[in-house]
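Notes follow once the structure below has been shown.
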Amino acid sequence: MTRHNNVMGNDVERTAEEAIAAIERLTRELLARREGAHLIENDLDRLILEIDLSLRDGARHEKGAELRRQIDELLDDAVQHAAVFRPGQAYCHRCASAACEHSQPPSGRHVFVGYAPTGAPKWADFAQRCLDLRHPEVDRLYDEPPALLALNHTAEELHNGLLRAFDNGTFALLGQVTAGFYAIPARADEGRGVVALSIQAGLSRSRRGRPRVGLNLLARGPGGEGLDRIWERQDDLPWRRPVRWAQTALSTLGPALLKRSRRGTELERRVDRILAGLQRRLERGNRSRSRRTRHAQQRHQSGRRPTRKAIEDARGAPDEAFLHDTRSGVLVVLGDRGRTHFFAAEGKLVSSVRYSPGAIDKKIKQDRWQPATDEQRETLRQWLVDPDRP
Ligand SMILES: [Zn+2]
């Protein structure tokens, strides 16, 4: 009797496991065909499929189609939920996506300024934006280094003008801080090395699952590259700590608050306060930073006269040994046996260090050091021929 039960139990278990394996296979196949699959591939274990199938007599292919429809819907929701927070890209109501041609700032100087009536994001040059708003310190954006101004925009302002028919209910902006300009080292062909940010607090609502709130950072480098590449130009992004603070603050907003979200509610007021804190931190952080930069510049400007070794190396160096450090702007001259000399304007020696061949190779491969222009190279040679020139 007991034995009989066990055998039956095993059969039932095996059948159930086979059914699960078949559903898992089906899910992976459906996911593989989907754009944006990479956004949720690692999160499949968090998806919950609630099967809602009638067991009445009926053609099996109809039931199969129904199961497929339910899995498709679950994946659709999950991809869209993930895509709403696609880093560096704004949500476009017109395309119901954060991955369309409208979703990225056209240059490093542009910030998000709201939606067009039919739902596409609108962008504007940050300095022009400050001018339009008659910001009293707009002139300082053209200083060298530029001033950092931060603006706070409410959800109301950002949605102003968006026709309700185009308001895709799955995503809502709760507010935004724009800030600029950050000085980022630029290459010769990139123009002025300045970057402006749009930091958006957004709420994603999927048909299933909890609403989520998070920060999205929209920015491009001076050469139009994405956020991950800006990181390569600068060891520490000046906005990193304030943004992390704001993300942590947002994560304390409870699910009950998110569910009740309507325009002008408690949720938006709480987010406004967090964004005001972010705005203050961005401005304050940059002030202490520019003090540090000034100190560093003073050290640079009092640069020593080149040592005999540095002059010898530089005079004997072939053209290819003259490089330009894209981050700091100084010229780099590679001497013998890893000796590396850094020269500021007027041939002042900033420092001489010894690098391993691997370290030198890495900086060149990462484009941190690029070949000096003919003019940069010849100017430095001139200075080194006659270091006592005024
Ligand atoms: Zn679009």
Side-chain angles (χ1 to χ4, degrees), residues 30-31 33-41 43 72-126 128-129 132 151 153-180 195-209 211-230 243 261 263 268 271 275:
L30 292 176
L31 179 62
R33 302 167 193 193
R34 188 173 302 268
E35 207 175 61
H38 63 282
L39 291 170
I40 60 165
E41 265 163 352
D43 296 325
D72 264 333
E73 193 183 289
L74 180 70
L75 295 177
D76 270 345
D77 257 16
V79 168
Q80 194 169 353
H81 200 42
V84 160
F85 289 99
R86 189 173 286 215
Q89 307 199 358
Y91 188 78
C92 176
H93 287 279
R94 181 168 153 191
C95 306
S97 161
C100 66
E101 59 183 313
H102 312 108
S103 63
Q104 281 190 311
S107 86
R109 306 164 57 96
H110 281 75
V111 292
F112 179 93
V113 294
Y115 284 108
T118 53
K122 288 195 298 186
W123 307 92
D125 183 289
F126 182 68
Q128 184 60 47
R129 183 72 177 153
D132 292 344
L151 309 172
H153 313 265
T154 62
E156 188 72 46
E157 280 173 68
L158 298 171
H159 291 94
N160 194 8
L162 171 64
L163 295 172
R164 283 181 73 177
F166 290 89
D167 187 345
N168 180 320
T170 58
F171 180 78
L173 276 182
L174 300 171
Q176 173 183 270
V177 171
T178 53
V195 164
L197 305 182
S198 311
I199 305 167
Q200 304 189 325
L203 177 78
S204 148
R205 276 181 291 237
S206 62
R207 275 164 293 174
R208 295 161 193 238
R212 287 195 313 173
V213 66
L215 272 194
N216 197 6
L217 192 66
L218 316 179
R220 285 189 165 207
E225 74 273 37
L227 265 181
D228 50 331
R229 302 299 302 273
I230 300 181
V243 167
S261 144
R263 194 66 34 85
E268 282 184 8
V271 170
L275 291 181

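For ligands, and for the atoms within them, numbers begin at 1 and follow the listed sequence.
For the Zn ion (ligand 1), protein N/O/S neighbours under 2.8 Å (waters excluded) are C92 SG, C95 SG, C100 SG, H102 ND1.
Looking only at side-chain heavy atoms (C-beta outward), T178 and H153 come within less than 4.5 Å of each other. The side-chain heavy atoms of P121 and C92, taken from C-beta on, include a pair separated by under 4.5 Å.
Taking CG of L151 as the reference point, atom CZ of R129 lies at 8.0 Å (rounded to 0.5 Å).
When all heavy atoms of N216 and Q89 are compared, the closest pair comes out as ND2-O, 2.9 Å.
Residues D132 and Q128 bring a donor and an acceptor atom of their side chains to less than 3.5 Å of each other.
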Hey, can you pull the donor-acceptor pairs under 3.5 Å for the side chains in residues 110-120, sequence neighbours left out?
unit_1 : atom_1 : unit_2 : atom_2 : d
H110   : ND1    : S107   : OG     : 2.8
Y115   : OH     : Y91    : O      : 2.7

